[in-house]
Amino acid sequence: MSTTTPAVPGQASVPPPAGPAGGAAAAPRVLRQRRRRPGLIALSVALIAAGGLSGALLFTASGQRTAVLVVARDVPVGAPIADADLTTASLALDPAVKAVPVAKKSGMVGQRAAVALKAGALLSPSQVTAVSLVKPGEQLVGVALKPSQLPASRLAPGQQVLIVSTPDAAQAAGGKPAEGAAPKTLTATVVAVGLPAPATGVVVVDVAVPASDGPALAARVATGAVALILAAREG
């Protein structure tokens, strides 16, 4: 038995929608909304902010520059450092680089170059010394040596060496030194080491020796009858 809904005056009668088989249509499916998780959203925002802050700090740190001392003109080893020998530069330095800050310039002036300082080079604390390599009562003698007359190890200022007298040309031709006689040696301090000559490989080594031995050593060097050996380290 069918039930007829009475018509309402002034309202059109709307038939119910038909289903697949002509019956009543199914109720529309209600989509379930995803639940928002405020905690997860806040964590994501915090991570993004932390990443941006870390990048900003890294950029700022990498751009930091330090005022340091730079050699303005060449200074030979052992020479005192004057105010005009130094200038300043602002550089971004790696922490591993040992440089002298501008604030310590007054402490550098008056000290001596422990090595040969080249214009434009960054000044390092190990390149200066308060001790003169040529002490009072000593003389500076240049010793020209062939590759066979000095060690293969690289020499450096401040090293203790022995200058050994070798047989000269007359002895090599027929004369013999006294049997069992030890060669004459002279203790010296390396002050500077020159570059090898392109053609011969001869190196000039400046050494400091007692003033009483300077002339005799210079005369011996002129004959080429000398050799240089490294002295043993104490301790």
Side-chain angles (χ1 to χ4, degrees), residues 61-145 147 149-163 186-215 217-218 221 226 228 230-231 233-234:
S62 62
Q64 287 183 348
R65 306 176 77 84
T66 305
V68 295
L69 294 178
V70 176
V71 181
R73 57 188 183 184
D74 292 350
V75 181
V77 61
I81 299 174
D83 184 82
D85 295 331
L86 303 175
T87 186
T88 62
S90 181
L91 304 172
L93 298 176
D94 187 279
V97 177
K98 303 301 181 183
V100 180
V102 173
K104 294 185 178 181
K105 182 178 181 180
S106 60
M108 298 293 104
V109 175
Q111 296 202 49
R112 296 180 179 273
V115 297
L117 303 179
K118 298 299 181 182
L122 191 67
L123 185 66
S124 172
S126 62
Q127 295 176 331
V128 298
T129 179
V131 180
S132 174
L133 295 179
V134 182
K135 301 178 176 61
E138 291 183 337
Q139 292 181 341
L140 190 66
V141 180
V143 183
L145 301 166
Q149 294 174 298
L150 76 166
S153 300
R154 187 173 181 178
L155 299 175
Q159 285 182 317
Q160 294 294 313
V161 296
L162 294 177
I163 307 297
L186 176 63
T187 302
T189 302
V190 176
V191 175
V193 182
L195 297 176
T200 61
V202 172
V203 176
V204 177
V205 181
D206 289 345
V207 296
V209 297
S212 58
D213 297 320
L217 176 60
V221 169
V226 293
L228 184 147
L230 282 173
R233 292 184 178 182
E234 296 182 359

Subject >> Passing candidate, side chain to side chain contact (heavy atoms under 4.5 Å, CB included) with V207, options V134, L140, V143 >> reply: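 With V207 as partner, V134, L140, V143 yield a single side chain to side chain contact (heavy atoms under 4.5 Å, CB included), made by V143.
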Subject >> Test side chain to side chain contact (heavy atoms under 4.5 Å, CB included) applied to P196 and L145, V203, V202, V204, the passing residue >> reply: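 The passing option is V203.
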Subject >> Value rounded to 0.5 Å, distance of CG in L69 from OG1 in T88 >> reply: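 Output value for this atom pair is 7.5 Å.
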Original post:
What is the distance from atom CG of L86 to atom NZ of K104, rounded to the nearest 0.5 Å?
Top reply: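 The CG atom of L86 sits 14.5 Å away from the NZ atom of K104.
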Subject >> salt bridge (Lys or Arg N to Asp or Glu O under 4.0 Å) against D213, all qualifying residues, sequence neighbours excluded >> reply: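 With sequence neighbours excluded, D213 shows a salt bridge (Lys or Arg N to Asp or Glu O under 4.0 Å) to no residue whatsoever.
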Nearest atoms (heavy-atom pairs only) where [X] meets [Y]:
X	Y	value
S212	P215	O-CD, 4.2 Å
A119	D74	N-OD1, 2.8 Å
Q111	A130	OE1-N, 3.4 Å
S153	L230	CB-CD1, 4.3 Å
V75	A113	CG1-CB, 4.0 Å
A72	A84	CB-O, 3.6 Å

**OP:** Test side chain to side chain contact (heavy atoms under 4.5 Å, CB included) on V100 and V128 and set out the steps.
**Re:** CA-CA 11 Å; V100 180; V128 298; over 6 Å; no
Subject >> Donor-acceptor under 3.5 Å (Q149 side chain, V226 main chain) >> reply: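 At least one qualifying donor-acceptor pair exists.
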**OP:** Determine, step by step, whether Q159 and T189 satisfy the side chain to side chain donor-acceptor pair (under 3.5 Å) criterion, reporting the C-alpha distance in whole Å, the side-chain angles of both residues, the deciding distance to 0.1 Å, and the verdict.
**Re:** CA-CA 6 Å; Q159 285 182 317; T189 302; over 6 Å; no
Original post:
Going by the salt bridge (Lys or Arg N to Asp or Glu O under 4.0 Å) test, which pairs reach into residues 75-91, not counting sequence neighbours?
Top reply: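 For residues 75-91, and leaving out neighbouring residues, the salt bridge (Lys or Arg N to Asp or Glu O under 4.0 Å) pairs sorted by first residue read R73-D85, D83-K105.
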Original post:
Tell me, do V70 and L123 make a side-chain contact under 4.5 Å, heavy atoms counted?
Top reply: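 No, every pair of side-chain atoms sits at 4.5 Å or beyond.
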Subject >> Check: L155 and L228 side chains under 4.5 Å, non-hydrogen atoms >> reply: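 They are in contact (side-chain heavy atoms under 4.5 Å apart), so the answer is yes.
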**OP:** Mind jotting down which residue pairs meet the side-chain hydrogen bond (donor to acceptor under 3.5 Å, both in side chains) criterion with at least one end in residues 117-126? Sequence neighbours excluded, please.
**Re:**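 Qualifying pairs: S124-S126.
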